Amino acid sequence: MRTATLGPAERAAALAAMAERELDVLVVGGGVVGAGTALDAVTRGLSTGIVEARDWASGTSSRSSKLIHGGLRYLEMLDFALVREALKERGLLLERLAPHLVKPVPFLYPLQHQGWERLYAGSGVALYDAMSVSSGHGRGLPVHRHLSRKGALRVAPCLRKDALTGALQYYDAQMDDARFVLTLVRTAASYGALAAARARVTGFLREGERVVGARVQDVETGGEYVIRAKQVVNATGVWTDDTQALIGERGQFHVRASKGIHLVVPKDRIHSTTGLILRTEKSVLFVIPWGRHWIIGTTDTDWDLDKAHPAASSADIDYLLKHVNTVLATPLSRDDVQGVYAGLRPLLAGESDATSKLSREHTVAHPAPGLVVVAGGKYTTYRVMAKDAVDEAVHGLDQRVAPCVTEDTPLLGAEGYRALWNARARIAARTGLHVVRVEHLLNRFGSLAEEVLALVSEDPSLGEPLAAADDYLRAEIVYAASHEGARHLDDVLTRRTRVSIETFDRGTRSAREAAGLMAPVLGWDEGQIEREVEHYEKRVEAERESQRQPDDLTADAARLGAPDIVPI
């Protein structure tokens with residue numbers, strides 16, 4: 001395989017190469033579905049390019065609940081096919097495709113009624129486990145278990161005694177969603193895909209009714225490229241309708257945006273060894289273990305304002321705190337909230353006005369010759385969506401194309417991960433890092449952790465943690481810029497790391513140190529460092545201000561108070 005580096009030189013070379021010759025497939029959109037589509041296409045032997053208007057995973061795919069799950073609540077909706085499909089994908093990711101990134105996570109479901117609820121919920125969880133095993137890829141997770149009230153309080157002492165009569169505990173899986181997408185893009189690049197972020201499609205090329213490529217603007221330099229392709233795949237999620245409008249084709253379906261917000265609180269605020277899943281009047285609420293933190297989410301409300309920066313309002317935050325506090329012995333307050341993030345789910349519009357009832361299924365269409373659109377779905381089934389999109393694109397290619405192979409194509413970092421994990425104590429002794437640091441790197445980079453450790457070997461100061469965010473090593477910041485396509489400070493503090501939601505200062509105290517580490521890689525002078533820091537601080541303040549607003553309209557207006565792009 002080729003190098004999987006996504007540094008500044010590789011980005012420039014990819015844009016130039018895309019404009020030099022006609023591609024088989026051009027993917028528009030750098031979220032999980034677009035990245036998965038690029039990997040699917042290139043591993044079938046197709047010449048492939050992928051462009052993203054902002055940073056990789058900067059939209060929906062970095063702002064999810066960070067779960068890889070079958071969707072237990074879809075069983076209640078009798079959507080067995082969706083659950084079975086998702087459980088198979090969960091198993092593949094855990095066992096074969098990305099064991100370094102996707103990890104098991106336990107959840108406790110408190111029961112509030114005697115008798116019938118245990119039978120009803122227990123039957124559902126038992127079916128969930130059975131479907132997982134029958135998929136052929138579910139044997140790696142423990143099966144569910146029934147707990148008495150005393151047993152439940154033993155694993156989750158945070159719960160109020162009067163909030164449950166007993167509980168069920170079952171397992172799903174989780175990952176860092178932005179890191180997962182980045183790894184998909186890098187894996188696609190390692191097989192020969194050309195990848196460029198901060199490259200915005202401004203229009204489509206047409207010959208008659210046929211779409212034959214796209215005009216792409218380099219957002220960083222202002223340069224423009226004409227990229228020709230036999231098939232273009234629109235995988236832009238909640239922007240699907242906007243992208244379709246560039247060719248005057250709305251398409252055969254409509255995508256609506258549903259806003260989901262999440263709170264991040266320190267680990268010590270909720271005393272539990274397991275995650276929680278709670279039922280609300282509208283949906284379900286998760287309390288998810290996240291390193292030294294908990295993620296609490298999510299809401300599910302219609303959103304028709306700014307798609308790039310969905311804002312969490314004060315009402316959203318109060319909603320989550322209110323519902324989680326109904327079961328906690330020690331209630332949470334606003335002061336406990338370290339981070340807040342909001343994301344938009346792309347839902348296929350249906351008859352119901354309630355977004356929680358809109359379809360989580362995906363669809364693929366060919367609205368014009370040369371153009372494929374894929375939309376809807378859920379994060380867990382990205383690989384199936386990508387396969388269906390490429391299958392559809394292949395129909396428009398005048399050549400024989402191999403079938404999908406991504407079910408057997410591990411992501412970068414997966415190969416050798418388990419062997420390195422077993423050797424983590426020896427790696428720690430060799431590098432001088434604490435074994436906990438080595439484990440952290442292995443669970444973020446897999447076998448690519450050796451590339452990060454090489455930076456530390458060259459400059460031991462990079463083996464030190466960030467002063468104000470000591471979960472992350474300084475080397476990870478340099479690596480983000482040199483290997484992972486980070487172009488701006490916001491990319492690093494928000495997506496390559498999670499400093500922006502894992503610290504009470506939202507990353508502002510780490511901003512200058514991180515910018516200084518990125519500067520030599522990206523060629524920044526002191527003026528650009530200052531602009532990057534200033535931009536990041538304004539973004540954080542705009543988000544804080546939006547979270548003080550009473551509703552979506554005022555929150556959106558406040559969030560838009562910060563500029564989007566840092567001038568260079």
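Note: hydrogens, waters and symmetry copies are ignored here, and every other heavy atom, side chains too, is used. Owing to the predicted nature of the structure, the values given are computational and were not obtained by experimental measurement.
Under the rule for a side chain to side chain contact (heavy atoms under 4.5 Å, CB included), the partners of Pro266 that lie at least two apart in sequence or sit in another chain are Asp268, Arg269, Gln338, Phe504. Here Gln174 pairs with nothing under the side chain to side chain donor-acceptor pair (under 3.5 Å) rule; sequence neighbours left out. Scored by the ring-ring contact (aromatic ring centres under 6.0 Å, His included) test, Phe445 finds Tyr479 as partners (sequence neighbours excluded). With sequence neighbours excluded, the residues that form a salt bridge (Lys or Arg N to Asp or Glu O under 4.0 Å) with Arg498 are Asp176, Asp177. In this structure, Tyr171 has no ring-ring contact (aromatic ring centres under 6.0 Å, His included) partners at least two apart in sequence or on a different chain. For Glu502, the salt bridge (Lys or Arg N to Asp or Glu O under 4.0 Å) test picks out no residue, with sequence neighbours left out. With sequence neighbours excluded, the residues that form a side chain to side chain donor-acceptor pair (under 3.5 Å) with Asn443 are Lys103, Tyr417. Annotation: side chain to side chain donor-acceptor pair (under 3.5 Å) contacts of His262 (sequence neighbours excluded): Ser65. By the salt bridge (Lys or Arg N to Asp or Glu O under 4.0 Å) test, Arg334 pairs with Asp318, sequence neighbours left out. Partners of Thr183 by side chain to side chain donor-acceptor pair (under 3.5 Å), not counting sequence neighbours: none found. Residues meeting the side chain to side chain contact (heavy atoms under 4.5 Å, CB included) test with Thr494, sequence neighbours left out: Asp490, Ser500, Tyr536, Arg539.
Cation-pi geometry between Lys66 and Tyr341 is met: the NZ or CZ atom falls under 6.0 Å from the ring centre, inside 45° of the normal.
Looking only at distances, no side-chain donor or acceptor of Arg186 sits under 3.5 Å from a matching main-chain atom of Leu411. In this structure, the side chain of Asp55 does not engage the main chain of Ser58 through any donor-acceptor pair within 3.5 Å. Side chain of Thr60 to backbone of Leu344: a donor-acceptor contact under 3.5 angstrom is found.
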Requested in this report: Using the side chain to side chain donor-acceptor pair (under 3.5 Å) rule, take Ser258 and Asp300 through it: C-alpha gap first, then chi angles, then the decisive distance, then the call.
Outcome: CA-CA 6 Å; Ser258 165; Asp300 199 347; 2.4 Å; yes

Query raised in the report: What's the verdict on side-chain contact (heavy atoms from CB on, under 4.5 Å) for Tyr170 and Asp172, showing C-alpha distance, side-chain angles and the deciding distance?
Result: CA-CA 7 Å; Tyr170 72 99; Asp172 255 318; 3.4 Å; yes

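In the model, Gln549 has a side-chain atom that pairs as donor or acceptor with a side-chain atom of Glu545 under 3.5 Å. In the model, Thr406 has a side-chain atom that pairs as donor or acceptor with a side-chain atom of Arg383 under 3.5 Å. In the model, Asp40 has no side-chain atom that pairs as donor or acceptor with a side-chain atom of Tyr382 under 3.5 Å. For the residue pair Gln244/His254, the side-chain donor-acceptor check at 3.5 Å is not satisfied.
Of all heavy-atom pairs between Ser132 and Arg90, the closest is OG-NH2, 2.8 Å.
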Name each donor-acceptor pair under 3.5 Å that joins a side chain in residues 556-563 to protein atoms two or more places apart or in another chain, with its distance.
residue : atom : partner : partner atom : Å
Asp556  : OD1  : Asp306  : N            : 3.4
Arg559  : NH2  : His309  : ND1          : 3.1

